[in-house]
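Structure first, commentary second.
Numbers for residues simply follow the sequence, beginning at 1.
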Amino acid sequence: MTFQEDKIEDFVKIFEENKEAIRNQTGCKHLELWQDKDHPCIFSTYSIWENEDCLNHYRHSETFGKVWPATKSLFSEKPQANSHTQRFKLN
């Protein structure tokens with residue numbers, strides 16, 4: 001997600017205020033916020049969900065309905081979303 005430079009703190013506040021509600025969604029196993037070290041307007045959320053149904057349930061939740069419109073209004077570019085499948089486990 002690429003934010004307007006003057007809206008970065010607004011986004012961080014939204015994330016901080018809602019991270020526990022997101023983490024407490026059914027099937028959310030992990031949630032982090034990452035900021036690009038060379039481009040501070042670029043952020044990524046990294047989350048792990050039990051399965052796609054749990055992620056989709058979150059996308060239709062009251063929490064998402066509150067967080068996403070507020071976040072979307074702060075973008076300077078169209079956001080990207082990627083889903084990944086773990087292929088190898090290192091341990």
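- In this structure, the separation between CG on Leu31 and CG on Asn24 is 10.5 Å, given to the nearest 0.5 Å.
- When side chains are defined from C-beta on, Leu74 counts as touching Ile14, because their heavy atoms get closer than 4.5 Å.
- Note that CD of Glu77 and CD of Gln4 are 11.0 Å apart. Values are rounded to the nearest 0.5 Å.
- Scanning both residues, Pro69 and Phe64, for their nearest heavy atoms gives CD-O, 3.7 Å.
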Before giving the answer on side chain to side chain contact (heavy atoms under 4.5 Å, CB included), spell out for Phe43 and Val12 the whole-Å C-alpha distance, their side-chain angles and the decisive distance to 0.1 Å.
CA-CA 10 Å; Phe43 286 79; Val12 171; 4.2 Å; yes

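- Side chains of Gln25 and Trp49 form a contact here, defined as non-hydrogen atoms less than 4.5 Å apart.
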Let's go through Met1 and Phe11 carefully: what are the C-alpha distance in whole Å and the side-chain angles of both, what is the deciding distance for side chain to side chain contact (heavy atoms under 4.5 Å, CB included) to 0.1 Å, and is it a yes or a no?
CA-CA 10 Å; Met1 300 173 285; Phe11 167 66; 3.8 Å; yes

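- Atom-to-atom distance recorded for Asp36:CG and Thr2:OG1 is 9.0 Å, nearest 0.5 angstrom.
- Ring centroids of Phe15 and Trp34 are separated by 6.0 Å or more, keeping the two rings apart.
- Distance NE2/His60 to CG/Leu55: 10.0 Å, rounded to 0.5 Å.
- The two residues Cys54 and Gly27 have their closest heavy-atom pair at SG-CA, 3.6 Å.
- Hydrophobic clustering, with ILVMFWY side chains joined whenever heavy atoms are under 4.5 angstrom apart, keeps Ile42 apart from Ile8.
- You'll find the side chain of Arg59 reaches within 4.5 Å of the side chain of Asn56, heavy atoms only.
- The NE2 atom of His30 lies 11.0 Å from the OG1 atom of Thr45; values are rounded to the nearest 0.5 Å.
- Separation of atoms CD (Glu9) and CD (Glu16) is listed at 10.0 Å; rounding is to 0.5 Å.
- Between the side chain of Glu32 and the main chain of Tyr46, no donor-acceptor pair closer than 3.5 Å is present.
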